[in-house]
Amino acid sequence: MLTFRGAAAGALILAAAGLVATAPGAQSEPPQEGVTIVADLKLSRDGVLEVDETVTVPPGGSFKMSLPLRLQLRDDVQRRFEVTDIDAQGAGTATVANDQFTIDAKPGESSYKYSIHNTVSEAPGTQVFHWLGVMNADIASISASVISPSYEMAIVDCKLGPPGNTRPCADVRIESDGVLWLEQTDLHKGDAIDLTLQLPPGTVPANADIDDESAPGPFSVTTPVLAAFGVLLLALAGLAVFVLRARRENAAAGTGSDTVDPLLRDGNQVQFTSPEGILPGEAGLLLDEHADAIDIAATVVDLAVRRYIWVTPISDSDWRINRVNAADDQLRDYEKAVYTALLPEGADSITVAELRAPGRVQAEPIRRAMVDDAVRRGAFADRSSIGLPVWVGGALIVAGIAATVGLAVTAGSALVGVAILLAGVATVLMPKYLPSRTQAGRKLTSQVRALQRGLDATRREQIPPTDQETVFSRALPFTVIGGRADNWIRAFRDLNPAADAQPGLYWFGSFERDQNLHRFAAHFPFFITALEGLFTGSSAR
């Protein structure tokens with residue numbers, strides 16, 4: 001009667017199969033005297049089957065039994081056992097060789113003690129003890145007892161006889177103390193005892209050594225693995241959509257047809273204005289996401305226009321830069337870096353030729369300062385610090401490694417951990433493929449492009465003569481960053497710089513006697529080219 005639910009396949013086996021006899025052939029009638037076997041079997045709490053066996057062979061006879069230690073259960077399933085602690089006393093011997101445990105008994109009484117390992121495996125809701133013994137000689141009697149750590153042992157089945165013609169065992173029972181007794185007599189050569197017992201689940205540790213080539217390995221593709229990689233693909237698709245959308249919006253920031261009027265009118269006065277008060281260097285950085293030499297050159301012009309420095313040509317290829325006002329809190333950090341690169345503390349005047357000396361002007365700190373300024377103002381994403389994607393991705397990588405190792409040594413489907421790890425790597429790498437400009441930066445970039453279109457449409461005649469020089473000068477650095485300075489100067493070439501009661505441009509010398517900007521228009525591009533040469537090098541971002 002079954003006392004526990006569950007299948008019995010492949011549980012705990014004591015196999016005494018493949019017996020090779022050296023005794024005389026089977027007699028037609030059961031012998032009155034023959035081989036007798038008394039065996040005590042004990043399943044230890046460690047799941048090791050301890051056997052104490054006594055074999056008595058009559059004079060002139062012999063007995064040999066081979067226990068295979070490697071069983072081919074199915075074409076792709078193999079089970080392995082191990083026999084240790086072998087002790088043979090009397091006229092018999094016991095040896096292990098060629099995946100066989102062999103007992104050889106000579107006439108007389110022989111005793112054997114040995115331990116069989118790897119005998120226990122789990123079945124759903126139960127454990128099963130299966131003893132299959134095939135007789136290779138006529139045996140007068142066999143008496144066996146079986147005990148286990150649990151007294152709740154139940155007999156599932158017990159059959160006796162040759163394969164295909166078995167009958168129920170005559171005398172097999174479990175006593176009230178949990179010990180199983182098996183008594184059988186007059187067994188013929190070729191007869192088998194097939195005994196199946198049932199144990200409560202978890203009675204002993206499962207230690208069966210079964211090599212199932214068809215069974216999924218720790219890195220096999222299983223249903224959980226397919227589900228995990230399905231989720232991974234969806235996540236990667238989501239990240240890709242997010243990145244592509246951001247890049248598409250970023251590219252669109254430089255397009256469009258909107259126009260921003262750069263002129264701010266207050267009664268009869270006209271002033272130049274930029275979107276959100278953006279500076280030319282910052283605008284140049286936003287337009288192409290790089291701090292270029294032309295952006296720094298535009299900042300130098302802007303510093304002159306805002307009366308921090310004064311520029312005077314001293315030849316066709318050299319200019320003198322003089323300090324007018326010290327750097328103050330009105331300047332951004334990157335502007336102060338430009339100012340200091342031109343006129344360090346203690347220097348009130350310098351020529352461009354002197355600035356060309358090797359190592360005199362360091363452009364890289366200026367570029368970094370420009371990028372840092374854009375980050376602080378929210379126009380650029382901060383790539384220098386560990387952001388949320390890196391923290392999330394790092395956590396996924398650690399979790400993926402832990403899951404891979406844990407699943408590989410326990411439940412399998414270790415590729416689930418690999419999927420988690422790949423998700424973490426993708427999350428960490430994602431910011432590298434996002435544009436530098438933030439959403440706010442893209443909006444501001446669109447406004448700068450609209451400002452450039454507004455400058456292209458601006459004509460000198462729209463501005464009162466007294467305001468023309470100021471508007472021209474304040475807007476000039478914004479045309480430098482876009483390569484439109486020549487067009488802007490051409491639009492104002494007939495401007496009379498003395499219309500504001502001060503001869504010449506107020507920030508650029510040597511043209512005080514000119515009544516227009518024709519000579520300045522021919523000279524200014526050389527100055528911009530010289531400034532670009534000072535700051536040429538690898539650009540930030």
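One is the number of the first residue; the rest follow in order along the sequence.
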Charged N-O contact under 4.0 Å between [X] and [Y]:
| X | Y | answer |
| --- | --- | --- |
| Asp52 | Lys42 | no |
| Glu249 | Arg247 | no |
| Asp157 | Lys159 | yes |
| Glu282 | Arg332 | yes |

Within the distance-only criterion (no hydrogens, no angle test), does the side chain of [X] pair as donor or acceptor with the backbone N or O of [Y] below 3.5 angstrom?
| X | Y | answer |
| --- | --- | --- |
| Asp295 | Asp292 | yes |
| Ser110 | Gly92 | yes |
| Thr340 | Ala337 | no |
| Gln127 | Val204 | yes |

Locate the shortest heavy-atom distance separating [X] from [Y]; write the atom from each residue and the value.
| X | Y | answer |
| --- | --- | --- |
| Gly47 | Asn207 | O-ND2, 3.3 Å |
| Glu289 | Ser436 | OE1-N, 2.9 Å |
| Thr93 | Tyr112 | O-CE2, 3.5 Å |
| Arg383 | Pro435 | NH2-O, 3.0 Å |
| Ala403 | Ile420 | CB-CD1, 4.4 Å |
| Ala253 | Arg442 | CB-O, 3.5 Å |

I'd like to know whether Asp373 forms a side-chain contact (heavy atoms from CB on, under 4.5 Å) with Asp333, so could you lay out the CA-CA distance, the side-chain angles of the two residues, the decisive distance to 0.1 Å, and finally the verdict. CA-CA 7 Å; Asp373 179 78; Asp333 288 346; 5.7 Å; no
Counterpart residues, side chain to side chain contact (heavy atoms under 4.5 Å, CB included), relative to Arg80 (two or more places apart):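 Here the qualifying residues are Arg70, Gln78, Asp209, Asp211.
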